[in-house]
2 protein chains.
Amino acid sequence: MANSVTLNDVARLAGVHPGTVSRVLSRPELVNSQTREKVIKAVEETGYVPNLAARHLAGGKSATIAIIVPDIMNPFFAAIAHSVQYTARRSERLVLFADCNSSAMEEREAIISLARNVDGIIVCAPVSDPNELAKAALGVPVVFVNSEGGKNTSVVIDQEAIIKLAIEHLMVLGHTNIAVVSGPRSFWSTKIRNKVLSNLIKSRRELNISLLKAVEPNFEGGKSCAKEIRSLRVTAVAAFNDLQALGVIVGLTGFGVGVPNEVSVVGSDGLPIGEIMIPSLTSIVAPLNRIGEVALELMDKRIHGESELLVKVSPYLIPRGSTAPC
Amino acid sequence: MANSVTLNDVARLAGVHPGTVSRVLSRPELVNSQTREKVIKAVEETGYVPNLAARHLAGGKSATIAIIVPDIMNPFFAAIAHSVQYTARRSERLVLFADCNSSAMEEREAIISLARNVDGIIVCAPVSDPNELAKAALGVPVVFVNSEGGKNTSVVIDQEAIIKLAIEHLMVLGHTNIAVVSGPRSFWSTKIRNKVLSNLIKSRRELNISLLKAVEPNFEGGKSCAKEIRSLRVTAVAAFNDLQALGVIVGLTGFGVGVPNEVSVVGSDGLPIGEIMIPSLTSIVAPLNRIGEVALELMDKRIHGESELLVKVSPYLIPRGSTAPC
DNA sequence: CTGAAAGCGCTAACAT
DNA sequence: ATGTTAGCGCTTTCAG
């Protein structure tokens, strides 16, 4: 489309062969500095922008990566998408994005239609089996976020640390009767957390931890637990994530249970909303802006044949208004 | 990359010429039904997925569009991005996404680097001059969301309706002393709304509307207005958007001013958070899921040479807990 | 209705 | 250090 300037136009203007222009753009050190200057000048004068399709076809690299998220409206994934796009731009790569509506089918379709057209795919919190997804990518590097296992490459938020930080924080405040709200059974993170919790329950007999049934990791899910939490007579709750924590707080408040006066609540993710709600939310912050960086590093390593399979990023706790001494 | 199946492979398997396979894929009606069946079978057996780069190069269409947003973490834009991507997928188009951090420079750079590689660009709430941006796109169709003017194609949320719905709702509740919080001066929507407001102030002498100074369209911006609002002794506030409304409510509450008992607050955008906060937020809902649809329709029309320049989508009011009779 | 052939804009060997 | 050449995988004329 449009009156686009091609590499040939630049070559003509600079009085060199197209191959030379290509070289200046990809490996300038191979070109005589005078020639290089001429070419660069011509590029600037013409406003030349490379045609990625042609590059892809000729060179085998698309300079494009894809990110697949279950739901871009979820601030957790929006933050990851932001981080991926920010990092990709620094290395002059474009980002294709697909929102699969938490549907396994759409996720699979997205992988298939993207694989041939990108240099790598980042899949956030996959809803289908990662091994299957990796297979569907037909050799294109896939990096998973918050998922782990098989021969896959992953960057995950350290789930064990999340649990430990939350429980420890509550213990320091004197809480021993604690309810833990569970995320969906299908989530990788839920599985890990539940494992860690059962160990904790065994090893720390002074604690009385009630693991609640699995609910959706959102406001409604949290709110739906409020009744059970009240009847449990615990003094503290650790929610699966911030949205759920918010639901728990609203639910408890609705039953006349004060937060943090009567019950302390700790969330997870460190979403911006936790800062502004009342009470503000104590949360285990996941450094989401690092996820994109790490994911792209891992992708590059995989492209170059390395095989660092797993990076855990460490969360940290921000104490705020929703937790108080027992 | 990978052991990808090409169109030639399919042709060989089906025992036809590659050109025929291409035809089956693009204009099946031109092909004998028996041949077509053979080809389709071969496509399925091989799991052939077209190489978009090659298609783009040969056919001039990339089957890819781009969306540029100021900030994907803002749920308003996340919703639009979701809608665009959902619509694009139905017509088998991929979506490149760029988050320009509300920076005019990054916005411009994004347009330039994307233009050559997509069939069209959607720019949400442009921070730089739309005419300049359209020029930078070098003939690639650009559709603006919430921006208007020049010869550009836009889809906008009817700003006049937003103001009128908000004010009318408050009037019906008996409010006559109303503060209106303003968005950033640079926003197209701010300009429109302020114009509508000054007309309203002139024509409705029974109303006492105070137009507050411009603040950021987020929680902090809203909160920073609370003091002035209190001193104004109004009974109602119309915020620029929901995030701001939330800030106003938190700020007022902090000063001991009850919402909605003493002051009613109405927001705009209809974000999910308005539903769950306490009090829940009366808001002017923008049908964001329609934006993507409309934007892509307009883009297609522009590609086919039509020139429908502007579509306004209509917002509607959802009354909730943050507004009450005066 | 289908085969043949040219070429989209670029890169990467190879040749000089 | 630069020019030359042969495609990358596909669409699209043009013939037949």
Side-chain angles (χ1 to χ4, degrees), chain A residues 1-40 42-43 46-64 92 94 113 115-119 138, chain B residues 1-40 42-43 46-64 92 94 113 115-119 138:
Chain A
M1 285 293 101
N3 42 10
S4 40
V5 180
T6 70
L7 190 144
N8 283 285
D9 299 334
V10 176
R12 212 167 304 131
L13 209 173
V16 300
H17 192 274
T20 304
V21 177
S22 175
R23 239 170 261 133
V24 170
L25 263 25
S26 53
R27 271 118 39 86
E29 69 279 8
L30 297 183
V31 176
N32 179 304
S33 64
Q34 280 186 27
T35 324
R36 200 183 349 182
E37 292 310 323
K38 268 197 306 194
V39 170
I40 291 177
V43 165
T46 53
Y48 169 71
V49 178
N51 180 326
L52 292 188
R55 257 193 191 172
H56 185 184
L57 204 53
K61 297 160 211 301
S62 62
T64 304
E92 304 203 278
L94 264 24
S113 64
R116 260 200 108 171
N117 304 300
V118 298
D119 296 339
L138 295 172
Chain B
M1 285 289 102
N3 42 8
S4 40
V5 180
T6 71
L7 189 145
N8 283 287
D9 299 334
V10 175
R12 211 168 305 129
L13 209 174
V16 300
H17 192 272
T20 304
V21 176
S22 176
R23 244 171 257 134
V24 170
L25 262 27
S26 54
R27 274 116 42 84
E29 68 279 8
L30 296 183
V31 177
N32 177 305
S33 63
Q34 280 187 27
T35 323
R36 200 184 342 177
E37 292 310 323
K38 267 195 308 192
V39 170
I40 291 176
V43 165
T46 54
Y48 169 70
V49 179
N51 179 327
L52 291 188
R55 260 194 187 169
H56 186 184
L57 203 52
K61 296 158 211 301
S62 63
T64 304
E92 304 202 277
L94 264 26
S113 64
R116 262 201 105 170
N117 303 299
V118 298
D119 296 338
L138 296 173

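Side chains are part of it too, since the values below use all heavy atoms of this structure and drop only hydrogens, waters and symmetry mates. Residue numbering restarts at 1 for every chain, and letters A, B, ... go by the order of the sequence lines.
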So, taking the atom named OG1 in T6(A) and the one named CZ in R116(B), what distance separates them when rounded to the nearest 0.5 Å? 7.0 Å

Look up atom CG in N117(B) and atom NE2 in H56(A), then write down how far apart they are to the nearest 0.5 Å. 12.0 Å

Any side-chain N or O of T20(B) under 4.0 Å from OP1/OP2 of dC1(C)? no

Less than 4.5 Å apart, side chain to side chain, heavy atoms only: is that true for T20(A) and T35(A)? yes

Contact state string [nucleotides 8-15 of chain C, B base, S sugar-phosphate only, - no protein heavy atom under 4.0 Å]: BBBBBB--

When every non-hydrogen atom of V24(B) is compared with those of R36(B), the smallest separation belongs to CG1-CG, 3.9 Å

Between the two ends of the helix from dC1(C)-dG16(D) to dT16(C)-dA1(D), what is the bend in degrees, rounded to 10 degrees, where each end axis spans five pairs? 40°

Partners meeting side chain to side chain donor-acceptor pair (under 3.5 Å) with S62(B) (sequence neighbours left out): D119(B)

Quick check for you: to the nearest 0.5 Å, what is the distance between T64(B) atom OG1 and E92(B) atom CD? 12.0 Å

Within 6.0 angstrom of E29(A) CD, more than 12 heavy atoms from elsewhere: yes

Please report the distance, rounded to the nearest Å, between CZ in R36(A) and P in dA1(D). 10 Å

For T35(A) and dT2(D), is the shortest distance between a side-chain N/O and OP1 or OP2 below 4.0 Å? yes

Integer-rounded Å distance: dT11(D) P and L30(B) CG: 14 Å

Got a second to check how far T46(B)'s OG1 is from L7(B)'s CG, nearest 0.5 Å? 9.5 Å

Roughly, in whole Å, what's the span from CG in N32(A) to P in dT16(C)? 22 Å

